[in-house]
Chemist: 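So that we are looking at the same thing, I have put the structure below in structure tokens.
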2 protein chains.
Amino acid sequence: MKKSCQHHHDSAPQELSTLTSRLRRESRKITGPRAAILEILRHHPHPLTNREIFDELPKGECDLATIYRAMQMLEKLGMVKRFDFGDGAARYELMGEGDDGHHHHLICTRCDTVVEIEECFPAEIEQRIAAKNNFKAVTHRLEFFGICPACQK
Amino acid sequence: MKKSCQHHHDSAPQELSTLTSRLRRESRKITGPRAAILEILRHHPHPLTNREIFDELPKGECDLATIYRAMQMLEKLGMVKRFDFGDGAARYELMGEGDDGHHHHLICTRCDTVVEIEECFPAEIEQRIAAKNNFKAVTHRLEFFGICPACQK
DNA sequence: AAATTAGTTGCAAATGATTTGCAATTGAGG
DNA sequence: CCTCAATTGCAAATCATTTGCAACTAATTT
Ligand SMILES: [Mn+2]
Ligand SMILES: [Mn+2]
Ligand SMILES: [Zn+2]
Ligand SMILES: [Zn+2]
């Protein structure tokens with residue numbers, strides 16, 4: 001049987017020590033900027049752009065380029081998941097160790113409110129699509145858009 | 001009963017005259033660049049980036065900025081649908097008159113081959129997501145990624 | 001057919017996100 | 001405390017996309 005989805009946002013944030021030890025394990029240094037970035041990610045339940053992370057940081061704490069490099073590295077190590085909401089900016093969300101981070105969002109097109117979504121595209125249909133076209137290792141990128149309760153008034 | 005999906009790629013391309021009359025109807029001029037762009041779109045079954053359109057055009061036929069402006073206009077008029085494959089570039093596909101153009105793609109992550117997909121995210125699940133979160137006018141953006149037959153070898 | 005004019009275009013410069021070169025700095029093991 | 005590979009800040013480079021503007025032209029009006 002398949003283990004049910006375990007999205008990080010359902011549980012308490014990972015310890016910072018858990019994250020840093022993962023970095024050390026990969027012979028990455030624990031630097032001020034990195035610790036600060038991880039702290040911000042730890043406390044945010046939704047994907048953040050590099051600029052949003054930058055703006056959360058005390059000014060002068062870290063260069064924007066450093067954030068870009070850090071997020072690239074964290075993504076490569078599988079510690080963050082990259083999302084794309086269709087505006088020009090990449091967004092990142094921390095993901096748990098075993099978790100592959102695959103999940104989706106519901107975004108308000110008026111105010112940009114983000115809701116984490118449990119549902120996923122049905123695996124049977126995806127398998128049918130893969131088989132029909134002889135594709136292997138098929139996955140998907142999926143986000144929902146609509147008007148949130150507050151913006152309906 | 002619901003009318004089955006009628007994606008333009010299932011049928012013959014629209015006549016150029018159909019497209020130009022639509023432009024005229026909206027008091028837009030039929031210019032050389034626009035006719036050339038529409039011709040290219042008409043003959044391509046998959047979404048194209050502005051640069052791809054530009055490269056298809058005989059050199060000097062039209063400025064890249066003109067293509068950007070044309071695609072923006074065509075999107076506003078509902079004549080093309082914009083897609084996002086997650087790389088930094090917008091892609092456009094011609095859509096039929098009544099059609100809202102909503103559909104999805106399966107993209108090879110090795111060679112960028114694109115397959116048009118008939119399947120869509122199940123409406124019942126989407127409605128449940130909308131209701132659960134009190135969102136209105138919920139829609140989605142969905143693309144599949146995998147390894148195409150040719151790239152599996 | 002010439003005049004009129006709103007809509008278009010090319011070109012260059014501006015934006016915005018992201019990347020990169022490089023010299024100076026520093027974390028972590030020994 | 002030493003050593004050195006990893007990291008950082010800063011500035012410049014890339015890339016996609018947008019925009020200001022003066023010159024141009026399709027389509028409508030004389
Ligand atoms: Mn999320
Ligand atoms: Mn398509
Ligand atoms: Zn999914
Ligand atoms: Zn769909």
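Keep in mind the model is a prediction, meaning the values are calculated, not measured. We name chains A, B, ... by the order of the sequence lines, and we start the count at 1 in each one.
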Chemist: Could you walk me through whether B/Arg91 and B/Glu75 satisfy the salt bridge (Lys or Arg N to Asp or Glu O under 4.0 Å) test, starting with their C-alpha distance in whole Å, then the side-chain angles of each, then the deciding distance to 0.1 Å, before giving a yes or no?
Modeler: CA-CA 11 Å; B/Arg91 281 157 209 272; B/Glu75 188 188 10; over 6 Å; no
Chemist: Tell me the interatomic distance from B/Leu23, atom CG, to C/dA6, atom C1', rounded to whole angstroms.
Modeler: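 From B/Leu23 CG to C/dA6 C1': 16 Å.
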Chemist: Counting only side-chain heavy atoms from C-beta out, which of D/dT18, C/dT19, C/dT8 sits nearest to B/Thr31?
Modeler: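 Among D/dT18, C/dT19, C/dT8, the one nearest the side chain of B/Thr31 is C/dT8.
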Chemist: Rounded to whole angstroms, how far apart are CE on A/Met73 and P on D/dA5?
Modeler: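 A/Met73 atom CE is separated from D/dA5 atom P by 18 Å.
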Chemist: Just the rounded figure in Å: distance from P of D/dT7 to NZ of A/Lys76.
Modeler: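 In whole Å, D/dT7 P lies 11 Å from A/Lys76 NZ.
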Chemist: Which residue, A/Glu116, A/Glu119, A/Glu118, forms the salt bridge (charged side-chain N to carboxylate O under 4.0 Å, His left out) with B/Lys132?
Modeler: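 So the option named by the test is A/Glu119.
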Chemist: Quick check for you: among C/dC11, C/dT8, C/dA28, whose closest atom lies nearest to any side-chain atom of A/Lys29?
Modeler: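 In terms of side-chain proximity for A/Lys29, the closest of C/dC11, C/dT8, C/dA28 is C/dA28.
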Chemist: For B/Leu64 and C/dT15, what is the distance between atoms CG and P respectively, to the nearest whole Å?
Modeler: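 Computing the B/Leu64:CG to C/dT15:P distance gives 19 Å.
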Chemist: Please enumerate all protein N or O atoms sitting under 3.5 Å from an N or O of nucleotides 20-24 of chain D, with distances to 0.1 Å.
Modeler:
unit_1, atom_1, unit_2, atom_2, d
D/dG20, O6, B/Arg69, NH1, 3.1

Chemist: So do the side chains of A/Glu56 and A/His44 get within less than 4.5 Å of each other, counting heavy atoms only?
Modeler: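 Side chain of A/Glu56 against side chain of A/His44, heavy atoms only: contact under 4.5 Å found.
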Chemist: Taking the six-membered ring for Trp and the single ring otherwise, decide whether the centroids of B/His105 and B/Phe83 are under 6.0 Å apart.
Modeler: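 Distance test on ring centres: under 6.0 Å, yes.
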Chemist: B/Arg34 side chain: which of D/dT8, C/dG10, C/dG7 is closest?
Modeler: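 Of D/dT8, C/dG10, C/dG7, C/dG7 is nearest to the side chain of B/Arg34.
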Chemist: Considering heavy-atom distances to DNA chain C, does A/Arg51 or B/Cys62 have its closest nucleotide positioned more toward the 5' end?
Modeler: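 Its nearest nucleotide lies further toward 5', so the answer is B/Cys62.
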Chemist: Rounding to a whole Å, what distance do you find between B/Leu57:CG and C/dT9:P?
Modeler: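 Distance check: B/Leu57 CG to C/dT9 P gives 12 Å.
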Chemist: For B/Glu26, answer base if it contacts any base atom (sugar-phosphate contacts may also be present), sugar-phosphate if it contacts only those atoms, and nothing otherwise; contact means non-hydrogen atoms under 4.0 Å.
Modeler: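 Counting heavy atoms under 4.0 Å across all strands, no contact is made by B/Glu26.
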Chemist: Consider the side chain of B/Ala89, meaning its heavy atoms from C-beta on, and name the nucleotide among D/dA16, C/dT8, D/dT7 that approaches it most closely.
Modeler: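 Closest nucleotide to the B/Ala89 side chain: D/dA16.
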Chemist: Would you tell me whether A/His103 and A/Glu93 have side-chain atoms, one donor and one acceptor, within less than 3.5 Å of each other?
Modeler: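 Yes, A/Glu93 and A/His103 have a side-chain donor paired with an acceptor closer than 3.5 Å.
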Chemist: Rounded to whole Å, how long is the line connecting atom CZ of A/Phe54 with atom P of C/dG16?
Modeler: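 Interatomic distance, CZ of A/Phe54 to P of C/dG16: 15 Å.
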Chemist: With nearest nucleotide decided by heavy atoms, which residue, B/Arg24 or A/Gly60, maps closer to the 5′ end of DNA chain D?
Modeler: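 Whichever sits nearer the 5' end wins; that is A/Gly60.
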Chemist: Rounded to whole angstrom units, what separation is found between the CG atom of B/Asp87 and the P atom of C/dT19?
Modeler: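 The answer, rounded to whole Å, is 13 Å.
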Chemist: Just verifying a value: how many Å separate B/Lys76 NZ and B/Met73 CE, rounded to the nearest 0.5 Å?
Modeler: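 Interatomic distance, B/Lys76 NZ to B/Met73 CE, rounded to 0.5 Å: 9.5 Å.
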Chemist: Output yes when at least one side-chain N/O atom of A/Tyr68 is less than 4.0 Å from OP1 or OP2 of C/dT18, else no.
Modeler: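 Looking at the OP1 and OP2 atoms of C/dT18, one of them is under 4.0 Å from a side-chain N or O of A/Tyr68.
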Chemist: Atom CG of A/Leu38 and atom P of D/dT7: how far apart are they, to the nearest Å?
Modeler: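 It is 13 Å, rounded to the nearest whole Å.
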Chemist: Between B/Gln72 and B/Gly32, just flag the one whose closest nucleotide in DNA chain D comes earlier from the 5' side.
Modeler: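 It is B/Gln72, whose closest nucleotide lies nearer the 5' terminus.
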Chemist: Could you verify whether a donor N or O on one side chain and an acceptor N or O on the other, from A/His140 and A/Glu126, lie under 3.5 Å apart?
Modeler: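 Checked: A/His140/A/Glu126 side chains pair up, N/O donor to acceptor below 3.5 Å.
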